[in-house]
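Side chains are part of it too, since the values below use all heavy atoms of this structure and drop only hydrogens, waters and symmetry mates. Within every chain, numbering begins at 1; the chains are lettered A, B, ... in the order of the sequence lines, protein sequences first and strands thereafter. For clarity, every value in this text was computed on a predicted model and none was experimentally measured.
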Amino acid sequence: MTPMRAKSAPPSTDMNDTSEAIVPDQTPSAKSHPAPQSGPVPQAAARPAEAKMQAKNVNFHYGTFKALHDISLEFPANKVTALIGPSGCGKSTFLRSLNRINDTIRGARIDGEITLDGEDILKMDVTSLRRRVGMVFQRPNPFPKSIFENVAYGIRVNGLASRSELPGIVEKSLRRAALWEEVKDKLQESANALSGGQQQRLCIARGLAVDPEVLLLDEPCSALDPIATAKIEDLLVAIKDQCTIVIVTHNMQQAARVADSTGFFLLGKLIEHDRTDVIFKNPSKKETEDYITGRFG
Amino acid sequence: MRKFEEQFLVLNNALLEMGTMVAQSVHRGVVALVDRSPSPARHVMDDEIGIDEFDIRIDSMAATLIALEQPVASDMRLIVAAIKISTDLERMGDLAVSIAGRALSLMEKPSLSEPIDITPIAALVESMVLRSLDAFVRRDARIAMEVLTSDNGVDAMRAAIQRQVVEMMRRDPDSIERALDHLIAARSLERIGDHARNIAEGVIFLVRGVDVRHQPLPVG
């Protein structure tokens, strides 16, 4: 089909906010083409800022099983990137390789390059990497300690602040995680007494206490009710001016709500990555369309 | 087929049924006018209620699908297009009623000595209506683009009829009322063409995810 629209109208006259993502040819045959979307316009749209982290041609093996195929993806600074896809598609494996939690798995092997501010994370000291790139897991995992000690833990372990500075940092972290008002009168109580949603926000506060540059979240709301979920989503949007966020989620509405850009994984491959509104309004790959509309499989 | 897919199909088919009904009404209005025949005109009046009901039903189905399915991508575009297309179809139905009304009024008066031929504009507009529906059925943006380009022809034809009407009214004041009825009918046809154009734009949005409204027509 002739790329009529693209030829005739300059982007500046376009009334539609998805215009930047329009590729000249959007016929069904182009949609079903399996190659990842290229072309300067959508990529520029999904990359408004300097990349904080960058994955280049990442392959990952669990023994003989290849879990990730040649993944290249940039995480722009101070943006939320969502990774979506069906179970087993490799999105969590990819997320976990961003702070090398997969290192401890026997038989796991990674190649390619992952950089943080241009520096190869595979060559970094893993402790300092994980201080800069924090992780929040699916199930809240507070330490069996007080609320205060949970948040202070990372600072103590890393020797990041003096004893007198601790209360201030704990308060600031709890405020950033939107939990302070609920716990300020019971900081010495056990973290286990908190509700699931509070525990998850506590874990986020614990992560934020060491001032990470990147926060990775692996389905952080899957065990939470809608109110707790909304609080976490609000806080992600609120903290992104101070760190770069990557979130794996099965909840597509969540990706739509919080993420600036969204990547769709399938069978270990990154099928499509674009601005979130483009992914949910007019994805260019048929596999993405089938998955987000629920017609998958 | 999964339940929500069935519901999207029901919505799609309701739009088609409504579209077919509207296309028939436009055709009957034109036949009533050209043949001075009351029966098709009354048929148009009777069908208007059904068309209005379709409009309400389609909007309600669309609202339900938004609430229950949180549609995205092409599903979302179908919902957005359906709400707009049903509004355009409903207005086309109203305009067909207006044409039928002019036809009934003209039937009560003698024919004009110099006939005003609305057949060419009616043929072009009817073909736009049918092609816009065809584009929707086939999800074919190319057919929809053709509808957009046809619109200019309709405007020119209506302008020609207007010139003829003005001239006639100047020459023969007795013809004013009948000439005006013809002009109103031509104007209604032109507006039906505009709505067909809107539907075509809706189809392009549905198929390509691109909004082509309020822009110069692309070349080629």
Side-chain angles (χ1 to χ4, degrees), chain A residues 1-31 41-42 82 84 251-257 259 262 264 272 274-297, chain B residues 1-9 11-12 65-84 135 137-150 152 197-198 200-220:
Chain A
M1 193 169 290
T2 323
M4 292 172 275
R5 245 305 269 96
K7 258 188 198 169
S8 59
S12 58
T13 65
D14 202 306
M15 302 293 289
N16 183 349
D17 62 356
T18 65
S19 62
E20 285 176 292
I22 294 164
V23 290
D25 193 338
Q26 295 223 341
T27 56
S29 62
K31 275 196 164 190
V41 177
I84 61 171
N251 180 337
M252 275 175 289
Q253 263 64 45
Q254 178 164 73
R257 284 189 297 262
T262 297
F264 170 60
E272 185 171 0
D274 211 322
R275 257 175 26 211
T276 297
D277 67 313
V278 174
I279 293 285
F280 285 98
K281 277 154 71 177
N282 194 13
S284 58
K285 297 289 177 290
K286 186 177 183 300
E287 295 94 324
T288 315
E289 169 100 18
D290 286 349
Y291 180 69
I292 64 175
T293 58
R295 286 176 175 79
F296 187 76
Chain B
M1 189 181 286
R2 311 246 305 272
K3 183 172 157 242
F4 79 91
E5 289 182 273
E6 278 170 28
Q7 287 166 336
F8 279 102
L9 197 61
L11 176 72
N12 186 70
L65 280 167
I66 290 171
L68 301 185
E69 303 293 345
Q70 291 100 42
V72 295
S74 62
D75 290 341
M76 176 277 294
R77 300 202 302 272
L78 174 63
I79 302 277
V80 172
I83 293 170
K84 293 166 91 80
V137 174
R138 296 171 196 268
R139 302 289 195 266
D140 188 331
R142 185 172 282 250
I143 299 175
M145 290 301 299
E146 288 169 13
V147 175
L148 303 194
T149 43
S150 297
N152 295 337
R197 188 195 156 112
N198 292 349
E201 289 168 341
V203 172
I204 293 169
F205 172 71
L206 172 59
V207 176
R208 295 191 182 156
V210 177
D211 193 338
V212 294
R213 295 173 303 158
H214 312 303
Q215 291 173 42
L217 272 181
V219 188

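Chosen from A/Ile292, A/Ile279, A/Thr288, the residue pairing most often with chain B at heavy-atom distances under 4.5 Å is A/Ile292.
A/Glu289 places a side-chain N or O within 3.5 Å of a backbone atom of B/Ser74 that can act as its donor or acceptor partner. A donor-acceptor pair is defined here as one N or O able to donate and one able to accept, closer than 3.5 Å; no such pair exists between the side chain of A/Asn282 and the backbone of B/Ala73.
Annotation: side-chain hydrogen bond (donor to acceptor under 3.5 Å, both in side chains) contacts of B/Asn12 (sequence neighbours excluded): B/Arg139. A search for salt bridge (charged side-chain N to carboxylate O under 4.0 Å, His left out) contacts involving B/Arg138 returns B/Asp134, not counting sequence neighbours.
Smallest separation of non-hydrogen atoms from A/Lys281 and B/Met76: CG-CE, 3.4 Å.
Atoms CZ and OG1, from B/Phe8 and A/Thr293 in turn, are 8.5 Å apart once rounded to the nearest 0.5 Å.
Annotation: side chain of B/Phe4 is in contact with side chain of A/Arg295 (closest heavy-atom distance under 4.5 Å).
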